[in-house]
Engineer: 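Quick one: structure below, then a few questions.
Just follow the structure's listing: the first ligand is 1, and inside any ligand the first atom is 1. Residue indices begin at 1 and follow the sequence shown.
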Amino acid sequence: MPSFRRTLFSLACVACFAGALAASAQSAAPPQTPAQDRPWMNKSFSPDRRADLVLQQMTLEEKLNFVHGTGWNGLRERAEIPKGSLGGAGYVEGVARLGIPGVNMADSAVGVRLSGAGSHYATLLPSVLGAASSWDPKALFLFGDVIGRELRETGYNMSIGGGMDLARDPRNGRNFEYAGEDPLLAGTMVGNLAKGVQSNQVMGDIKHYAFNDEETGRNIFNAEITQRAARESDLLAFQIAIEMAHPAGVMCSYNKDTITPPDTSPDWSCQNDYLLNQVLKKDWGFQGFVLSDWGGTHSTVHAFMSGLDQEQPGSIFFGEPLKKAIEDGQVPMSRLNEAVHRVLRSMFANGVIDNPPQAEEADPFVGRREAEHIADESIVLLRNEENILPFSASQVHSIALIGGHADVAVLSGGGSAQVDAPGGGAVDPHAGSAHWLEHVWFPSSPERNIRLHDPSADIQFNEGADVQSAAALAAKSQIAIVFVTQWMSEGMDRPTIELPENQDALVEAVAKANSHTIVVIESGGPVAMPWVDDVAAILEAWFPGIGGAQSLADILFGDVDPSGRLAITFPKNDAQLPRPQIPGLVAETGPGGLPENAHHNKPIPFDVDYNLEGARVGYKWFESQRETPLFAFGYGLSYTTFAFSDLSVDAAQRTATFTVSNNGSRSGAEVAQVYAVLPASTGENTYKRLVGWDRVALAPGESKTIMVPMNQLALSIFDVAKNAFVLAPGDYTIFAGSSSADTPLRASVHVE
Ligand code: BGC
């Protein structure tokens, strides 16, 4: 804001003037150059050297301030906001006398959180699961770039977004913050997201490490998994993202883990030596710092020595007790220095000391367009009978819009990923930030945007609460579009993939009344569709973000070709899942609601047996069980059609080359996917695994021959004895096609 900037400028001039006076008063002393005074400000030194130079000057108290937060900040009403903190989720005190700023952290899974508190609204992006369904690394970089830019614009220097737990269970309340069920896809997508954040000289983060794959009992459950399966699934996703993005932070998760070997009993993720010291820091060479999830620290010496570098959000364990442990010699000073070094080197590496953010005002208009672009690539067309879509405005004269507040808004996901809606929300507006477990609707109106495409059509809205009246409106309209919603949030899981609140009955009734029924789903994850064969078309829009309605309308009317492909399997029902019931979830008590204490802080700890599926997460489970899902991983339609031909595989170069053709009459983009089945000797030959892909844009009639690199890690198995990924010798079958279930091309290669 100009006036704000002017104030800053004049304050700065007062400071210059005062500084000049002080300098002339001290003119007897020899002048010190910044280089002598603060040698760490020499940008030609490496981040590590610069960090060490600062460290040498720090007192014990100053060092200790770097290994813990300063309280609940803006997260809890009436919590004290320390000086220097912007009131985000976390604040770590800097060292003003050495010119080292504090670390201001904001939750930012799908946009900057708590922005409503200061009326500095941030852009709501599509859900991460939606964005991952673009299979477009550039879109994910842009996603992170928007977040990084808006963090900078609001004065933050660290993001604590970057969620990436694998979608082992489609009912996990946080799947919308994560990038799906495949380690290569999720790792690549979140790695690009974190790169985008850090491209703004803001520190990035990847979370929740590891196996926080359900929310039910997240503070008490113990995830059991073998080391090999762990390394080939969730940990592989983290490895790919961390090695790609070099994030400043990795947030360890709330749950316990038993990773066998080496674990012989459960221990918290934030004090698991294998996860933190052995895998993250040693095997992957992670140079940033490990911060606990909020309240996820459980001890002092054990946690600190197991690799946790920073307790968040307070200092219960890493404040006074850690100081005492250091003074008593239980924790060597070298370990404290290492932890502080990790924070400082991350600050230097990301430019937050050289170029600290100056708070201005985020530009939500730029962000809206970017969010819309990502939504364009995220929305998945699941069904399109007789090519009912796209509509042609000249042929559509009346439309019934039903449900989902489609007259005014699109739905967003809750929890710490909740972004505040500009103006306080399109349904139930109120000032300030959203409350926990509140359903927040963003002012992106499907009705308005559909009208813009078809101004002369008779468009009527029915809120869908009364099935009969909705069906009556559908019966007298040419087209019916039903918007169904499935709200999701941190702190809860859905007990079932079934749609809540009688929405299945609504769709059935509308479909019965009108054979031209289109269903638009706004959901955190997969939903069951008992009506799948009764409707003409289905679009999965996820939580589509602030540009969601524009994007949906563009897709409905064919200005944008749907190019999203599912980053998660859509099962037919809960019975198809490895765990038909969510472990630890007790009966739902509230009507349609999910009281947090029923899911969250249950008193009796329990185990979740992830060895059931092991590394066979999602589509791999379905294939190995010979179960057919409702919609397969990688699936999605376009308004045109594609064909695949001529696969050849170069085993030495690890590439798959084939031709993709657009044999329809419209332009479109296909996600050409490459899968491998490993040799029988691996014991992992009962399912395919994604090893590479490319998004190919093709004009009508156009063909392109593409060479897709096959990821070495994704082709390999983890050899526990060698502590390394190895390419098993034997025969591999390589497949190419348009989804995990539709791979028309196949070739065999032998690896010695
Ligand atoms: C969530 C984290 C979040 C933190 C701070 C925790 O409850 O699990 O993802 O970053 O709160 O808001």
Engineer: Under 3.5 Å, is there a donor-acceptor pair linking the side chains of Asn157 and Asn104?
Structural biologist: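 There is no such pair between these side chains.
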Engineer: Which pairs, with at least one residue in residues 63-72 and sequence neighbours excluded, count as a side-chain hydrogen bond (donor to acceptor under 3.5 Å, both in side chains)?
Structural biologist: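 Residue pairs with at least one partner in residues 63-72: Lys63-Asn337.
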Engineer: Is it the case that the side chains of Asp165 and Tyr178 hold a donor-acceptor pair, with the cut-off being a distance below 3.5 Å and no angle test?
Structural biologist: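 A pair is found: one side chain offers a donor N or O, the other an acceptor, under 3.5 Å apart.
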Engineer: Test of understanding: with salt bridge (Lys or Arg N to Asp or Glu O under 4.0 Å), list the residues that count as partners of Glu338, not counting sequence neighbours.
Structural biologist: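 With neighbours one apart ignored, the set is Lys281, Arg335, Arg342.
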Engineer: Ignoring hydrogens and geometry beyond distance, is a side-chain donor-acceptor pair present between His208 and Arg174 at under 3.5 Å?
Structural biologist: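 Yes, side-chain donor-acceptor contact under 3.5 Å.
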Engineer: Please list, by chain and number, the protein residues whose heavy atoms come under 4.0 Å of ligand 1.
Structural biologist: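 Those residues closer than 4.0 Å to ligand 1 by some heavy atom are Leu75, Ala89, Asp107, Arg113, Ile160, Arg174, Lys207, His208, Arg218, Met251, Tyr254, Asp293, Trp294, Ser416, Glu490.
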Engineer: List in chain and number order the residues that pass side-chain hydrogen bond (donor to acceptor under 3.5 Å, both in side chains) with Ser489, two or more places apart in sequence or in another chain; answer none if no residue qualifies.
Structural biologist: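 Here no residue qualifies.
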